[in-house]
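A quick write-up on the structure given underneath.
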Amino acid sequence: MEKVANGIWKMSFGEPEPHTPVRYRSAPAKEAALDGLACPGKAPFTEEEVSIRATPRGVLIELPLGGEEHIYGFGLQLHAVDHTGRKKVIRVNSDPVADTGDSHAPVPFYVSTKGYGVLVDTNRYAAFYCGTNLRKGESEHKKLEQKAVGTSEIELYGYQKSEGNRTVAVDVPVAQGIEVYFFEGPGLREAVQRYNLFSGGGALPPMWGLGMWYRAYSAAKKEDVMRLARTFREDNMPVDVFGFEPGWQTKAYSCSFVWDEGRFPDHEAMLGELYDMDYRVNLWEHLFVHPSSPMYGDLKPHSGDYEVWEGLVPDLSVGEARETFAGHHRKAFVDKGIAGFKLDECDSSDYVHSNWSFPDIARFPSGMDGEQMHNQLGALYQQTILAPFEEAGKRTLSQVRASGAMAAPLPFVLYSDLYNHKVFIRGVVNCGFSGLLWSPEVRQAESPEDLIRRIQTAVFSPMALLNCWRIPNPPWMQVDRDKNVAGEFLDNYAEIRELCRSLFQTRMSLIPYLYTAYARYSEEGLPPFRALVMDYPDDPHTYGIDDAYMMGDSLLVAPIITGTAERQVYLPKGVWHCFWTGRIYEGSQSYLLAPGLEQIPVFVKDGTLLPLAKPLPFVADDAVFQVELHPFGAEARNCVLYEDDGISYGYREGRHNWVKAELDSQNGVRVERTGNFPAHRYLFAAAPARP
Ligand code: GAL
């Protein structure tokens with residue numbers, strides 16, 4: 001075992017492939033933070049315990065998996081949380097319809113409740129058999145046990161868990177060599193932190209990125225955009241980011257990356273008006289380049305040997321392709337004030353539609369084949385688009401539909417065309433195991449109740465996004481049904497506008513708290529959204545929870561799905577307070593809750609002084625938050641917030657503060673700032689006592 005950083009070890013075998021996630025890492029490991037994270041100082045396994053060998057299929061790795069262990073990770077898994085006893089294939093896919101491992105962001109990384117993590121550094125469609133089978137003969141001792149012959153389908157074919165000490169077998173096709181990284185604990189949470197710090201630390205979004213997002217109708221014209229933008233402001237509906245869907249370009253499948261002057265005459269004037277109203281503009285695109293695009297000629301020699309939707313597939317691992325792509329984005333968009341992009345279609349399709357995307361047999365100038373490129377493409381695309389923002393000294397928070405290993409520093413949030421609400425909540429639970437961010441976006445709804453329940457989840461998630469690309473008007477606006485092309489929304493949705501506004505305002509009030517959680521992601525690798533098992537690894541009740549999660553250190557969120565008037569919520573040890581009413585709940589037990597439509601179950605950990613800001617309609621560059629401090633429990637005396645300009649990379653040079661706000665016995669607030677950021681973004685006051 002070779003030690004590569006504090007708490008991180010590596011085992012190498014044969015000649016590793018050149019195109020791997022670690023090789024394409026976007027940032028160096030955060031060594032100082034890794035040094036600061038205490039660890040046992042011992043690799044999780046000895047070399048003798050891990051077997052790596054070549055097979056006619058590629059490379060086979062076998063790792064021990066104890067009978068008591070539970071494992072998590074493998075990227076944005078939407079169909080399971082605890083992967084013990086399951087097979088997961090690391091293959092990027094836009095339609096992850098079943099629990100196969102396929103994902104918008106598959107990651108060959110897992111963590112165990114025993115307190116360690118394992119990364120197999122490959123872009124191959126590796127299959128992880130997570131203790132699915134016992135070795136030949138290991139069930140012999142059971143031969144005398146009486147097991148009645150099953151006759152029902154479930155007895156005959158139901159899932160049977162293999163018990164006892166097992167192995168995780170990793171079948172890596174094609175490769176003739178491999179590097180495997182091991183991350184120490186002591187707990188599962190520290191192993192995740194170490195993985196994120198090894199990736200370069202978590203992303204710190206601009207503050208505005210944590211506000212509300214609205215993506216407009218794909219066929220919207222300039223006048224539609226301006227009508228919506230003005231109405232949000234007039235109605236005091238908080239919206240920070242305004243997203244344009246495919247219609248903004250002259251060609252969209254594949255893309256020209258050129259504004260359509262027909263729909264958007266004098267688009268620069270339109271952008272100016274949107275900026276004057278403090279909107280951040282985000283543009284939809286994908287990376288397949290239409291022959292009419294100004295980049296086409298320069299990219300052609302640096303593209304793969306197959307087209308997608310009659311467009312080029314640029315090899316963004318090649319410097320020339322990356323520079324051309326990034327250069328155009330800088331000049332045509334970033335320099336014109338565009339704040340971010342939605343990087344669509346960079347996953348791939350295998351299960352539905354027409355198997356669009358390039359084949360696995362494709363060849364790219366870098367030497368990558370289609371399989372490697374598929375699993376690496378999301379990260380390469382994000383890096384390419386991030387470059388012009390970094391050059392311009394501006395932060396972005398953007399969207400992407402594919403990602404993979406080592407992605408923690410990339411300020412991009414994943415989304416999907418799937419739309420099952422339960423699956424979307426599971427995405428929030430899972431994303432934090434593998435350095436990813438996920439948005440359970442809101443599109444259409446089957447009823448006002450469905451809409452509100454979905455907005456509640458979105459508001460308590462990494463990105464609060466309404467993706468109204470299929471409907472001309474936002475769901476809470478009175479619409480003329482004949483003009484509402486998609487037709488999903490009912491006229492009486494206007495009645496719930498107030499409820500929507502108050503939920504958006506809740507999101508806005510959480511920004512300082514949430515921003516601080518992201519700052520810890522950046523500095524300590526601690527994900528802002530986490531499965532309960534990450535904070536309570538010693539509590540087996542948390543192992544299978546896939547419908548509740550931590551948001552920062554203090555909030556436990558348990559969303560409700562339409563049609564379910566009540567739900568069980570398990571609260572881990574300690575005392576918890578209802579976020580809305582302050583009611584007290586003893587932990588280490590489950591509660592059956594039946595909150596009305598206006599409430600999503602959210603619990604505050606006892607001892608929290610929760611900073612809640614007066615909701616702003618948007619986060620301007622110089623926004624100052626008036627923060628009320630809400631004590632939950634007698635011990636709640638202080639809280640810490642992260643403060644900087646919220647838009648530039650100055651924080652990397654130390655221009656930020658950690659602000660400690662403390663309540664004294666007279667309910668006065670004492671504030672102490674440590675750091676080098678001169679201005680104050682937060683003004684504090686004690687919250688009025690609850691009635
Ligand atoms: C899909 C994407 C949607 C929307 C649409 C526009 O691929 O997931 O959110 O952007 O494209 O064509």
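In this chain, numbering begins with 1 at the start of the sequence shown. Just so you know, ligand 1 is whichever comes first in the structure, and atom 1 is the first atom listed for that ligand.
The protein residues lying under 4.0 angstrom from ligand 1, judged by non-hydrogen atoms, are E245, P246, Y253, W284, K342, D344, E345, R401, Y415, D417, N467, W469.
Ring centroid separation for the pair F424 and W438 comes in under the 6.0 Å cut-off.
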TODO: May I have the step-by-step check of side-chain contact (heavy atoms from CB on, under 4.5 Å) for H329 and I385, ending in yes or no?
DONE: CA-CA 7 Å; H329 280 76; I385 292 298; 3.5 Å; yes

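Annotation: side chain to side chain contact (heavy atoms under 4.5 Å, CB included) contacts of D369 (sequence neighbours excluded): R124, R363, E371, Q372. Not counting sequence neighbours, the partners of D360 by the side-chain hydrogen bond (donor to acceptor under 3.5 Å, both in side chains) test are Y125.
Under a 4.0 Å N-O distance rule, the pair R330/E391 qualifies as a salt bridge.
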Which side-chain N or O atoms in residues 218-225 pair as donor and acceptor under 3.5 Å with protein atoms at least two apart or in another chain?
residue	atom	partner	partner atom	Å
K222	NZ	P265	O	3.0
D224	OD2	K221	N	2.8

